[in-house]
Amino acid sequence: MYTQALDQLPIEHSAQGDALRQQRFDQRMAAGRTVEPQDWMPEAYRKTLLRQISQHAHSEVVGMLPEGNWISRAPSLERKAILLAKVQDEGGHGLYLYAAAETLGSSREEMVDALLAGRAKYSSIFNYPTPTWADVGVIGWLVDGAAIMNQIPLCRCSYGPYARAMIRVCREESFHQRQGFDLLLAMMRGTEAQRRMVQGAVDRWWWPVLMMFGPSDTESAHSANSMAWGIKRISNDELRQRFVDAAVAQAEVLGVGLPDPELRWNAERGHYDFGAIDWDEFKRVISGDGPCNRERLAARRAAHEAGAWVREAAAEHSRKRASRPHAA
Ligand code: FAQ
């Protein structure tokens, strides 16, 4: 508390004051201490965080759609209850993340408007369709698996509200991943047709999942700054490699193949080598031209419009409460 109070000593607005603020920020970074909303931060750091956290929030919310597609068609009451809880968790993650982003000075309304207007990005992965029940399992196993791999280091991110949100998100994602794996295991122990369905879903999702980690390090526009600022702790390529290494062993337990003829253990590197990612496809998807981009945005816009009366009612309720005299 004592050092926090020192950090907040007012510094006069002048070139010298700016240099001092920057110096304190740099010292904080070097000491590995978190930055909190009340702390001074460079504008570029704030913007980078706002971009990443709001994109992450949008991803969680848009990410409810592919699996939500199966809630009404889950094969048993138990699977339906699990899927409902899982999709609801993703909505909750979106809310924690919007709240974390709001601490950086943007309103939820501005962020949602940017998404609905097509100005804001969300994860490429949610622009792929879910034609079979096995897709639900593969999303849990591979998509949540990749999300965890990427998000565990974010629990140590330099911005306090983001790091704290990530701790809870990661705990829940790890349940999500297990439910996906369990669903697929049940199908793999079922009929030949079910096993084919699982393999088909793995074949469709494998490459898009590898794209979730973002462009290769040499192409990544934001990595250098984000690493220097302790937002990113591990690079896009390194996380992708760790994910491939973990997924191969899990695929063996499941008894599914991974659709990459170049996938093989490299004893020298101590990692699996894997084939080339289709970056043209990635660029198409993140620029709005993936298989389901239009459908996903249309669904979000319709949900936003349909929910207008709820927002109005909640605002009116809170206005009334605020105008009531306080109870003694
Ligand atoms: N999709 O310079 P970099 C989940 C963009 S949550 C779309 O490397 P950065 C849970 C990037 O924004 C999944 N765009 O960028 C769940 C930038 O564009 P900009 C989401 C992408 O930020 C599971 C440009 O490319 N997770 O799955 C993608 O340093 C199941 C240059 O890239 C997060 O958001 C992409 N895949 O690194 C929910 C985690 N990759 O902004 C439901 C937090 C890159 O300049 C069901 N985010 N771009 O226009 C991150 O860790 C980072 O933002 C990266 C990208 C690693 C995604």
Side-chain angles (χ1 to χ4, degrees), residues 44 47-70 83 85-94 96-97 100-101 114-115 118-128 130 135-155 157 159 162-163 165-166 169-170 172-177 179-180 205 207-229 231-240 243 277 279 281-290 293 296:
K47 277 194 175 147
T48 294
L49 277 168
L50 189 55
R51 177 190 62 79
Q52 177 166 326
I53 303 174
S54 60
Q55 285 177 2
H56 195 165
H58 300 326
S59 305
E60 300 282 357
V61 172
V62 176
M64 297 165 80
L65 295 169
E67 290 163 285
N69 181 33
W70 280 92
L83 185 57
K86 197 249 185 210
V87 171
Q88 189 171 297
D89 282 353
E90 308 297 1
H93 297 172
Y96 314 148
L97 288 162
L115 172 70
R119 291 194 306 276
K121 286 195 173 71
Y122 57 87
S123 181
S124 49
I125 196 68
F126 301 117
N127 293 304
Y128 290 85
T130 44
D135 291 75
V136 171
V138 172
I139 290 181
W141 172 40
L142 293 179
V143 176
D144 281 283
I148 297 168
M149 190 61 85
N150 164 265
Q151 286 167 192
I152 296 271
L154 290 173
C155 298
C157 142
Y159 190 56
Y162 193 26
M166 279 300 105
V169 168
C170 284
E172 292 178 358
E173 304 281 29
S174 109
F175 151 73
H176 297 168
Q177 191 194 20
Q179 71 80 36
W205 287 89
W207 291 105
V209 164
L210 296 192
M211 296 174 196
M212 282 177 74
F213 295 92
S216 68
D217 294 347
T218 49
E219 300 292 317
S220 166
H222 304 291
S223 280
N225 276 337
S226 290
M227 299 284 276
W229 284 325
I231 297 172
K232 272 186 178 175
R233 299 283 181 190
I234 304 177
S235 81
N236 296 3
D237 284 333
E238 194 177 338
L239 286 171
R240 191 171 7 249
F243 172 79
I277 291 171
W279 292 115
E281 174 179 327
F282 173 74
K283 283 179 196 150
R284 267 198 315 278
V285 175
I286 68 170
S287 56
D289 197 20
N293 294 59
R296 299 291 182 242

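Numbers here simply count residues along the sequence, with the first being 1. Each ligand, and each atom within it, is numbered from 1 in the order the structure gives.
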Legend entry - Nearest-neighbour protein heavy atom for atom 48 (N) of ligand 1, which is reported as residue plus atom name and distance: Phe282 CZ, 4.0 Å
Inset, instruction - For His176 and Glu90, test the side chains for any donor-to-acceptor distance below 3.5 angstrom and give the result as yes or no. - result: yes
Inset, instruction - Measure the distance from atom 1 (N) of ligand 1 to every protein heavy atom, then report the residue, atom name and distance (to 0.1 Å) of the closest one. - result: Ser124 N, 2.8 Å
Inset, instruction - Using a 4.0 Å heavy-atom threshold (strictly under), name the region of Ile125 that reaches ligand 1: side chain, backbone, both or neither. - result: neither
Legend entry - Note: Lys86-Asp89 ion pair, threshold 4.0 Å (strictly below): no
Inset, instruction - Check whether any N or O atom of Ser220, backbone or side chain, sits under 3.5 Å from an N or O atom of ligand 1, and answer yes or no. - result: yes
Inset, instruction - Identify, for atom 38 (C) of ligand 1, the protein heavy atom at the shortest distance, and state residue, atom and that distance. - result: Glu90 OE1, 3.3 Å
Inset, instruction - Ignoring hydrogens and angles, tell me if any N or O in the side chain of Asn293 forms a donor-acceptor pair with the backbone of Val285 under 3.5 Å. - result: yes
Inset, instruction - Take Ile125 and Trp205, measure what side chain to side chain contact (heavy atoms under 4.5 Å, CB included) needs, and give me the verdict at the end. - result: CA-CA 8 Å; Ile125 196 68; Trp205 287 89; 3.7 Å; yes
Inset, instruction - Answer with side chain, backbone, both or neither: which part of Glu172 has a heavy atom less than 4.0 angstrom from an atom of ligand 1? - result: neither
Inset, instruction - For Tyr122, take its heavy atoms, then give the atoms of ligand 1 lying under 4.0 Å from any of them. - result: 1 (N), 7 (C)
Legend entry - Ring geometry between Tyr96 and His93 (parallel below 30°, tilted from 30 to 60°, perpendicular above 60°): tilted
Legend entry - Which of the ligand 1 atoms, numbered from 1, are nearer than 4.0 Å to a heavy atom of Lys86: 30 (C), 46 (C)
Inset, instruction - Say whether, by atom type as modelled, one donor and one acceptor occur between the side chain of Arg296 and the main chain of Phe126 under 3.5 angstrom. - result: yes
Inset, instruction - Please say whether Ser226 places an N or O atom under 3.5 Å from an N or O atom belonging to ligand 1. - result: no
Inset, instruction - Pick, from Gly94, Pro215, Gly214, the option with the minimum heavy-atom distance to atom 32 (O) of ligand 1. - result: Pro215
Inset, instruction - Answer yes or no: is there a donor N or O on one side and an acceptor on the other, between the side chain of Trp70 and the main chain of Leu83, under 3.5 Å? - result: no
Legend entry - Any donor-acceptor N/O pair, Asn236 side chain to Pro215 backbone, under 3.5 Å: yes
Legend entry - Phe126 and ligand 1 - part of the residue with a heavy-atom distance under 4.0 Å: side chain
Inset, instruction - For Glu219 and ligand 1, answer yes if some heavy atom of the residue is under 4.0 Å from a ligand atom, otherwise no. - result: no
Inset, instruction - Do me a favour and list the nearest non-hydrogen protein atom to atom 12 (O) of ligand 1 with residue, atom name and distance? - result: Gln55 OE1, 2.9 Å
Legend entry - atom 54 (C) of ligand 1: any protein heavy atom closer than 4.0 Å: no
Legend entry - For Tyr162, the ligand 1 atoms whose distance to one of its heavy atoms is below 4.0 Å: 43 (C)
Inset, instruction - If you have a sec, work out which protein heavy atom is nearest atom 45 (O) of ligand 1 and how many Å separate them, to one decimal? - result: His222 NE2, 2.6 Å
Inset, instruction - For the pair Thr130 (side chain) and Pro66 (backbone), establish whether a donor and an acceptor sit closer than 3.5 Å, ignoring hydrogens and angles. - result: yes
Inset, instruction - Could you grab the distance from atom CG of Leu239 to atom CD1 of Ile148, nearest 0.5 Å is fine? - result: 13.0 Å
Inset, instruction - Would you mind listing which atoms of ligand 1 come within a distance below 4.0 Å of any non-hydrogen atom of Glu60? - result: 6 (S), 10 (C), 16 (C), 38 (C)
Legend entry - Side-chain heavy atoms of His222 within contact of Gln52, under 4.5 Å: no
Inset, instruction - Using distance alone, decide if ligand 1 has a nitrogen or oxygen within less than 3.5 Å of any nitrogen or oxygen in Gly63. - result: no
Inset, instruction - Report the distance from atom CE of Met149 to atom CG of Leu142, rounding to the nearest 0.5 Å. - result: 11.5 Å
Inset, instruction - Below 4.0 angstrom from a heavy atom of Phe213, which ligand 1 atoms are there? Numbered from 1 as shown, please. - result: 56 (C)
Inset, instruction - Using a 4.0 Å heavy-atom cut-off, say whether Ala147 meets ligand 1 through its side chain, its backbone, both or neither. - result: side chain
Legend entry - Numbered atoms and elements of ligand 1 in range of Met211, under 4.0 angstrom, heavy atoms: 36 (N)
Inset, instruction - Measure from atom 46 (C) of ligand 1 to every heavy atom in Arg51, Met64, Glu67 and give the option owning the shortest one. - result: Glu67
Inset, instruction - May I ask you to decide if the ring planes of Tyr162 and His56 are parallel, tilted or perpendicular, using 30° and 60° as cut-offs? - result: perpendicular
Inset, instruction - Tell me, please, which residues at least two apart from Glu219 pass salt bridge (Lys or Arg N to Asp or Glu O under 4.0 Å). - result: none
Legend entry - Residue and atom name of the nearest protein heavy atom (relative to atom 23 (C) of ligand 1), distance in Å to one decimal: Asp144 OD1, 3.4 Å
Inset, instruction - Measure from atom 19 (P) of ligand 1 to every heavy atom in His58, Gln52, Lys121, Glu173 and give the option owning the shortest one. - result: Lys121
Legend entry - Flag side-chain contact, heavy atom, 4.5 Å: Leu97 against Glu60: yes
Inset, instruction - Give a yes or no answer on whether the side chain of Arg240 reaches the backbone of Ala146 with a donor-acceptor pair at less than 3.5 Å. - result: no
Inset, instruction - If you have a sec, work out which protein heavy atom is nearest atom 25 (O) of ligand 1 and how many Å separate them, to one decimal? - result: Ile286 CD1, 4.0 Å
Inset, instruction - For atom 29 (O) of ligand 1, grab the closest protein heavy atom and report residue, atom and distance to one decimal in Å. - result: Lys232 NZ, 2.7 Å
Legend entry - For ligand 1, the portion of Leu239 having any non-hydrogen atom under 4.0 Å away: neither
